[in-house]
2 protein chains.
Amino acid sequence: MDSMGIMARKQTAADQALRLDNQICFAVYSTAHAFNRVYKPLLDRLGLTYPQYLVMLALWERDDVPVKDLGERLFLDSGTLTPLLKRLEAAELIKRTRSTEDERVVLIALTPQGHALREKAKAVPQSILAASDCTVGELLAMKDEIVALRDRLNAVLGE
Amino acid sequence: MDSMGIMARKQTAADQALRLDNQICFAVYSTAHAFNRVYKPLLDRLGLTYPQYLVMLALWERDDVPVKDLGERLFLDSGTLTPLLKRLEAAELIKRTRSTEDERVVLIALTPQGHALREKAKAVPQSILAASDCTVGELLAMKDEIVALRDRLNAVLGE
DNA sequence: CTCAATTGAATTGTGTGCAATATAAATTAT
DNA sequence: ATAATTTATATTGCACACAATTCAATTGAG
């Protein structure tokens, strides 16, 4: 109790930094969850989870790619992607085939159903935009800032 | 192939919105993971995972609270918190006791070790700040924007 | 006062996320 | 050409995250 009294008198910068409200990181973390919850009912209709949706977005842009490529684009590793991709294959949205050129490589290709799902997915971003209650311009500006932050963090991780 | 040719000619707004790079949501999602990876080595020294660290931050601010309270502050439910809190109890950082007033309520209190860990944790925010390579002002501004977005998303979820 | 409805935690089941390890294929170095 | 190293994916184990369910305790309407 004595030390608490002393602490209360000198609130250091370190103390302030430990406040939950001050942490950008918690802001990002909790916003990611909020997005996930908004996406859930929309993606349920497509039979996808949010990470699966991200994989499909990546594949709709470029198809017939190694797992490695997908991992680099989504910042995910094989421990995450392998089971996820097996579920997408079980749902017959993708096909996994080992490359003949390099037997280590597994190529991910969309099935006709996988391609077709893109049309149903087109409605999703609009609903998200509505839920965010922002203009496209505001969201894009914020996105650019966040991506810049992410890239700096990833740069530190790569030594 | 024919339909692809037609698609290429008329790139609609819906097509653009499905691009991975354009999704603020992916920006938030991937930044949360990047933060997690930066935090990992720092929190390993405290013996905490990132969600456990968030719980400790919350408890360092206010102690002796029901699980429900923690859940509301962190946007997490009992399915996530119950096992996490059991691990913190096993690590002797917190104590879980059923309230005598309302037997349904489980109160979470810090142990002396739990309180003590706060001192070691003070170094963490500084390291994160350094990794983010931003000024405090920039981070706070970005944090406020992201929190505003999160709150709007959560508002939609609450009907 | 009583019994149905509500509430707070815990449990169960599914799906990430990642570290650590394993394995097989390809590359390089000798 | 063969051993050592590197590379791409898979596996295992642990820790979230959340929907759905369960269960006990409390509240509230009649």
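To find a chain, count down the sequence lines: A is the first, B the second, and so on, and within it residues start at 1. All values reported here derive from a predicted model rather than from experimental measurement.
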Review point. Do Tyr53(B) and Tyr39(B) make the cut of ring centroids closer than 6.0 angstrom?
Key: yes
Whole-Å distance separating the [atom1] atom of [X] from the [atom2] atom of [N]:
X: Asp77(A); N: dT11(D); atom1: CG; atom2: P; answer: 14 Å
X: Leu76(A); N: dT9(D); atom1: CG; atom2: C1'; answer: 15 Å
X: Asp44(A); N: dA19(D); atom1: CG; atom2: P; answer: 10 Å
X: Gln52(B); N: dG17(C); atom1: CD; atom2: C1'; answer: 15 Å
X: Leu43(B); N: dA15(D); atom1: CG; atom2: C1'; answer: 14 Å
X: Glu101(B); N: dT27(D); atom1: CD; atom2: P; answer: 11 Å
X: Phe35(A); N: dA17(D); atom1: CZ; atom2: P; answer: 17 Å
X: Leu74(A); N: dT9(D); atom1: CG; atom2: P; answer: 14 Å

[X] side chain vs [Y] backbone, donor-acceptor pair below 3.5 Å:
X: Arg152(A); Y: Ser132(B); answer: yes
X: Asp77(A); Y: Thr80(A); answer: yes
X: Asp63(B); Y: Leu110(B); answer: yes
X: Thr111(B); Y: Glu92(B); answer: yes
X: Glu119(A); Y: Ala116(A); answer: no

Exercise for review: Could you work out which one of dG17(C), dC16(D), dA19(C) sits closest to the side chain of Lys40(B)?
Suggested key: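 Nucleotide nearest to Lys40(B)'s side chain: dA19(C).
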Would [X] and [Y] pass as an ion pair if we require N to O under 4.0 Å?
X: Arg118(B); Y: Asp15(A); answer: yes
X: Glu89(A); Y: Arg96(A); answer: yes
X: Asp69(B); Y: Arg73(B); answer: no

Provide a list of protein-nucleic acid N or O atom pairs under 3.5 angstrom, restricted to nucleotides 4-8 of chain D.
residue, atom, partner, partner atom, Å
dT7(D), O4', Arg104(A), NH1, 3.3
dT7(D), O2, Arg104(A), NH1, 3.0
dA8(D), OP2, Lys68(A), NZ, 3.2

**Study point:** Nucleic acid contacts - residues 82-98 of chain A versus DNA chain D, non-hydrogen atoms under 4.0 Å
**Key:** Thr82(A), Lys86(A), Arg96(A), Arg98(A)
Review point. Does Ala34(A) or Thr80(A) map to a spot on DNA chain D nearer the 5' end, using the closest nucleotide for each?
Key: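 Residue closer to the 5' terminus by nearest nucleotide: Thr80(A).
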Check your understanding: Quick one: is dA17(D) close enough that its OP1 or OP2 comes under 4.0 Å of any side-chain N or O from Tyr29(A)?
Key -> yes
Check your understanding: So does Thr49(A) get a side-chain nitrogen or oxygen closer than 4.0 Å to the phosphate oxygens (OP1/OP2) of dT16(C)?
Key ->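 Checking Thr49(A) against dT16(C): at least one side-chain N or O falls below 4.0 Å of OP1 or OP2.
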